[in-house]
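Working notes, beginning with the structure itself.
Quantities reported herein were computed from a predicted structural model and do not represent experimental measurements. Chain letters run A, B, ... following the sequence lines, proteins first and then strands; every chain starts at 1.
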2 protein chains.
Amino acid sequence: MTPTAVDQVLELVSLLQRDMALSFERDGLTEARAHLLWVLRDGPVTQRHLADALGVTPRNITGLVDGLVDSGHVVRRRHPTDRRATHVDLTPEGRRVTDAMVEGYADMHDVLFGGLSARQLAAFRRTLDSVLGRLRVRLEEEWG
Amino acid sequence: MTPTAVDQVLELVSLLQRDMALSFERDGLTEARAHLLWVLRDGPVTQRHLADALGVTPRNITGLVDGLVDSGHVVRRRHPTDRRATHVDLTPEGRRVTDAMVEGYADMHDVLFGGLSARQLAAFRRTLDSVLGRLRVRLEEEWG
DNA sequence: TCATATTGTGAAGTTACTACATGATGTAGA
DNA sequence: TCTACATCATGTAGTAACTTCACAATATGA
């Protein structure tokens, strides 16, 4: 059976997930922890902020940060003004990992689009943009 | 910041995942259970077969099937020839859900590609095919 | 100052996974 | 036919990512 367009898109999703999961694993990370680290690239933030950024409960962030503290990627610091809050920041090791992630981001461009002409890539991006637009609308309408 | 091509692709992944997760949730399913049900569309199979199809350990299948038996989507039957094995099959309720999933698959085509001309869709699919090819190669090379 | 909201975490529970061990059964060979 | 070996499902035990609920400490606004 030749794959449908939806098949193709779902395979893309599947392959990308697998690729990223393997890449994270190489750094001793899980997807959730890698995601958290990614948010910390731009500087220390509050756990509450992380919860909002990752779309999970604050309680869950406590656990993820615990793990990343144990693995040496992250430290908890006193928030400069709010004594209730904690600032989570990257350690040098954490910074090394996020730097590698940024590089991997660039590599991914080459892997995905390296074989395409500028013209073809531009057309692909335009179409993708329209697809994303419809998908966003659908999510908004269907699930609020 | 305007999104990069990689950003666009990753947003697609993220939105599709969210959309599917929400859709499964509406049927009282998780992603793992929905995936298992999907495999059962074509008729009863062995738990071992499910393990290979989902790429997880047989032990994990035992747990997933337990859950789906409890929720009434699936039954365990005696394997017709191999007394070691179990045949897992859809209940009428399970069939109803997989039928709905098939329909959702068709809906997804409309959501994603409804606004595209035949020409544009064909070009998109060609590009996607080349992207998938490179991605497959990279997965193979990098991770075996 | 006093009521109310917010931050992070303990306690308890669910789901999806893993590895390892084991009993029951299938299968191929001497 | 008996014996070795492989295979199927599952018990046990453990991890990671999540949830809700309760609570103590702290901020904030009237």
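Of the residues in residues 14-49 of chain A, those with a non-hydrogen atom less than 4.0 angstrom from any atom of DNA chain D are T30(A), A32(A), R33(A). Applying a 4.0 Å cut-off to non-hydrogen atoms, the residues of residues 58-73 of chain A that approach DNA chain C are P58(A), R59(A), T62(A), listed by residue number.
Each of G55(A) and D82(A) was matched to the nucleotide of DNA chain D holding its nearest heavy atom; the match closer to the 5' end belongs to G55(A).
Not one N or O on the side chain of S130(B) forms a donor-acceptor pair closer than 3.5 Å with the backbone of R126(B). Remark: side-chain polar atoms of Q47(A) are not paired, donor with acceptor, to backbone N or O of A85(A) under 3.5 angstrom.
Rounded to whole angstrom, the span from the NE2 atom of H79(B) across to the P atom of dA9(D) amounts to 9 Å.
Sorted by first and then second residue, the ring-ring contact (aromatic ring centres under 6.0 Å, His included) pairs with a member in residues 40-60 of chain A form an empty list; sequence neighbours excluded.
Among the atoms of the strands shown, base atoms are found under 4.0 Å from some heavy atom of T57(A).
Look at R48(B) and D52(B) and you find a salt bridge, because one of the NZ, NE, NH1 or NH2 atoms lies within 4.0 Å of a carboxylate O, short of that distance. Under 4.0 Å is where a charged nitrogen must lie from a carboxylate oxygen, and between R138(B) and E141(B) no such pair does.
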Quiz: residues 103-112 of chain B side-chain donor-acceptor pairs under 3.5 angstrom, not counting sequence neighbours:
unit_1	atom_1	unit_2	atom_2	d
Y105(B)	OH	D7(A)	OD1	2.1

List the atom pairs, donor and acceptor, that lie under 3.5 Å between side-chain atoms in residues 62-72 of chain B and the rest of the protein, sequence neighbours left out.
unit_1	atom_1	unit_2	atom_2	d
T62(B)	OG1	P58(B)	O	3.4
D66(B)	OD1	R76(B)	NH2	2.1
S71(B)	OG	G67(B)	O	3.2
S71(B)	OG	L68(B)	O	3.2
S71(B)	OG	H73(B)	ND1	2.7

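Of the candidates dT19(D), dA27(D), dA9(D), the closest approach to any side-chain atom of R84(A) belongs to dA27(D).
Classified by interplanar angle (parallel below 30°, tilted 30° to 60°, perpendicular above 60°), the ring pair F124(B)/F124(A) is parallel.
Heavy-atom contacts from other residues, nucleotides or ligands closer than 6.0 Å to CZ of R18(A) number 12 or fewer.
The shortest distance between side-chain heavy atoms of R95(A) and T98(A) falls below 4.5 Å.
With a heavy-atom cut-off of 4.0 Å to chain A, the contacted part of DNA chain C has its first and last nucleotide at dT6(C) to dA11(C).
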